[in-house]
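Shown next, in C-alpha cells, is the structure this report addresses.
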Amino acid sequence: MRTVTYGAAASLDGYIARPDGAVDWLHWSDDVGAIMKEFWKGIDTILMGRKTWEVSVAMGGGGGMMKGMRGYLFSRTMSESPEGMELVSEDAGAFVRRLKEQDGKGICMMGGGELARSFFEADVIDEVGANVHPVLLGTGIPLFPPMQRQVNLEMIENRSLAGGCAYLRYRVVR
C-alpha cells in the first residue's frame, strides 16, 4: 500500500503561514534542498487543497506540479480542473483510501491544515514531515487545526538544519 505524507514548513508555534497566507519568514538552505530532492524521488502523486493551490499559483509555482507527477486538487467550490490537476469534490478520505490501493510511489499531501485535518480524521495519513523554523508568528494558519481525535506519532527522523531549523519526521501509529 502507498504511503501518504503530510509535509509542511512551520513556525515553532505551529503556523504554516501568516493569516494572509504569506510565508516570507521561511528559511531556505542547501540541506532543505537535499531533503526535498530525496523526498521527491519517492513521490509520484500530490494532493492539494484549493487554498494551498491558489497560494502556490500566486507565488508563481504553477500549483506545485512537477513533471511526471499526478496532481489532485480537493475543492468543494471549484467547478473546473486547472491544467495539470484533477479536481476532486467527493469525500476526500474515501478518495485517498482508493488512491493508496493503486500501484505507484508515495503520495504527498502539501500544505493546507484544513485538508490535513480531514485526512487525519479519515485516518489516511501515514507520515508527517515538518521543517520547524525558529520564529514565533503569534497567529496564522495552523499546521494542525483542532481535530476530533488524537493521532499518535512515532519519531523516525530528526535533524538540525541551517538557519536554526529542525526537520522532524513521524510515522502515524495505528
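Note: hydrogens, waters and symmetry copies are ignored here, and every other heavy atom, side chains too, is used.
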Query raised in the report: Who passes side chain to side chain donor-acceptor pair (under 3.5 Å) against Gln150, sequence neighbours left out?
Result: Asn152

**Report entry** Residue pairs involving residues 131-158 (criterion ring-ring contact (aromatic ring centres under 6.0 Å, His included); sequence neighbours excluded)
**Finding:** Tyr6-Phe144, Trp25-His133, Phe120-Phe144

Report summary line: CD1 of Ile125 to OG1 of Thr3, rounded to nearest 0.5 Å, is 12.0 Å

**Report entry** Audit row: Thr5, Cys108, side-chain contact (heavy atoms from CB on, under 4.5 Å) steps and yes/no
**Finding:** CA-CA 5 Å; Thr5 301; Cys108 175; 5.6 Å; no

Query raised in the report: Do Met48 and Met109 have side-chain heavy atoms sitting under 4.5 Å apart?
Result: no

Query raised in the report: Does CZ belonging to Arg76 count more than 12 external heavy atoms closer than 6.0 Å?
Result: no

Requested in this report: Could you tell me which residues satisfy side chain to side chain donor-acceptor pair (under 3.5 Å) with Asp126, sequence neighbours excluded, listed by chain and number?
Outcome: Lys100, Arg174

Query raised in the report: Can Leu47 and Leu99 be said to form a side-chain contact (heavy atoms from CB on, under 4.5 Å), step by step?
Result: CA-CA 11 Å; Leu47 310 176; Leu99 193 60; 3.8 Å; yes

Query raised in the report: Who are the side chain to side chain donor-acceptor pair (under 3.5 Å) partners of Ser75, not counting sequence neighbours?
Result: Thr77

Query raised in the report: Taking the side chain as C-beta and beyond, is there a heavy-atom pair between Pro134 and Cys165 under 4.5 Å?
Result: yes

Query - Electrostatic pair Glu114:Arg117 at N-O distance under 4.0 angstrom - result: yes

Report summary line: The reported gap from CG in Leu87 to CZ in Arg50 (rounded to nearest 0.5 angstrom) is 11.0 Å

Requested in this report: Report the C-alpha distance between Ile43 and Ile107 in whole Å, list the side-chain angles of each, state the deciding distance to 0.1 Å, and finish with yes or no for side-chain contact (heavy atoms from CB on, under 4.5 Å).
Outcome: CA-CA 6 Å; Ile43 300 296; Ile107 301 167; 6.0 Å; no

Query raised in the report: Can you tell me if Lys105 uses its side chain to pair, donor with acceptor, with the backbone of Thr45 under 3.5 Å?
Result: no

Requested in this report: List the atom of Leu115, the atom of Gly49, and the distance in Å for their closest heavy-atom pair.
Outcome: CD2-N, 3.4 Å

Requested in this report: State, yes or no, whether a side-chain contact exists between Arg171 and Leu153 at a heavy-atom distance under 4.5 Å.
Outcome: no

**Report entry** Linked, directly or transitively: Val132 and Ile156 (ILVMFWY side chains, under 4.5 Å)
**Finding:** no

Requested in this report: Just jot down the ring-ring contact (aromatic ring centres under 6.0 Å, His included) partners of Trp28, sequence neighbours excluded, or say none.
Outcome: none

**Report entry** Pairs flagged by side-chain hydrogen bond (donor to acceptor under 3.5 Å, both in side chains) wherever residues 137-148 is involved - sequence neighbours left out
**Finding:** none

Query raised in the report: Going through the checks in order, is the side-chain contact (heavy atoms from CB on, under 4.5 Å) test met by Val4 and Glu127?
Result: CA-CA 6 Å; Val4 176; Glu127 291 187 4; over 6 Å; no

**Report entry** Neighbour count >12 (heavy atoms, 6.0 Å) for atom CG, Asp24
**Finding:** yes

Requested in this report: Any pair with a residue in residues 136-149 that passes salt bridge (charged side-chain N to carboxylate O under 4.0 Å, His left out), sequence neighbours left out, goes on the list, sorted by first then second residue, please.
Outcome: Asp123-Arg149

Query raised in the report: In terms of heavy-atom contacts, does CG of Asp20 have more than 12 from other residues, nucleotides or ligands at under 6.0 Å?
Result: yes

Query - Under the ring-ring contact (aromatic ring centres under 6.0 Å, His included) test, residues paired with Tyr170 that sit two or more places apart - result: none

Query raised in the report: How many angstroms lie between atom OG of Ser11 and atom CG of Leu26, to the nearest 0.5 angstrom?
Result: 9.5 Å

Query - Of all pairs that satisfy ring-ring contact (aromatic ring centres under 6.0 Å, His included), the ones with a partner from residues 77-98, not counting sequence neighbours - result: Tyr72-Phe95, Phe74-Phe95

Query raised in the report: Does anything in residues 1-15 pair up under salt bridge (charged side-chain N to carboxylate O under 4.0 Å, His left out), and if so which pairs, sequence neighbours excluded?
Result: Arg2-Asp44

Query - side chain to side chain contact (heavy atoms under 4.5 Å, CB included) partners for Arg159, two or more places apart - result: Ile35, Glu157, Leu161, Tyr167

Requested in this report: Measure the spacing between CE of Met147 and OG of Ser118 and express it to the nearest 0.5 Å.
Outcome: 11.0 Å

Requested in this report: List for me each residue that meets side chain to side chain donor-acceptor pair (under 3.5 Å) alongside Asp91, sequence neighbours excluded, and say none if there are none.
Outcome: none

Query raised in the report: Quick one: CG on Leu137 to CD1 on Ile16, what's the gap to the nearest 0.5 Å?
Result: 11.0 Å

Report task. Would you please test Arg169 and Glu154 for salt bridge (charged side-chain N to carboxylate O under 4.0 Å, His left out) and show each step? Result -> CA-CA 9 Å; Arg169 199 167 122 226; Glu154 171 186 29; over 6 Å; no

Requested in this report: Determine, using the 4.5 Å side-chain heavy-atom cutoff (strictly less than), whether Met155 and Val128 are members of one ILVMFWY cluster.
Outcome: yes

Requested in this report: State whether the side chain of Arg97 and the backbone N or O of Ala122 hold a donor-acceptor pair below 3.5 Å, judged by distance alone.
Outcome: yes

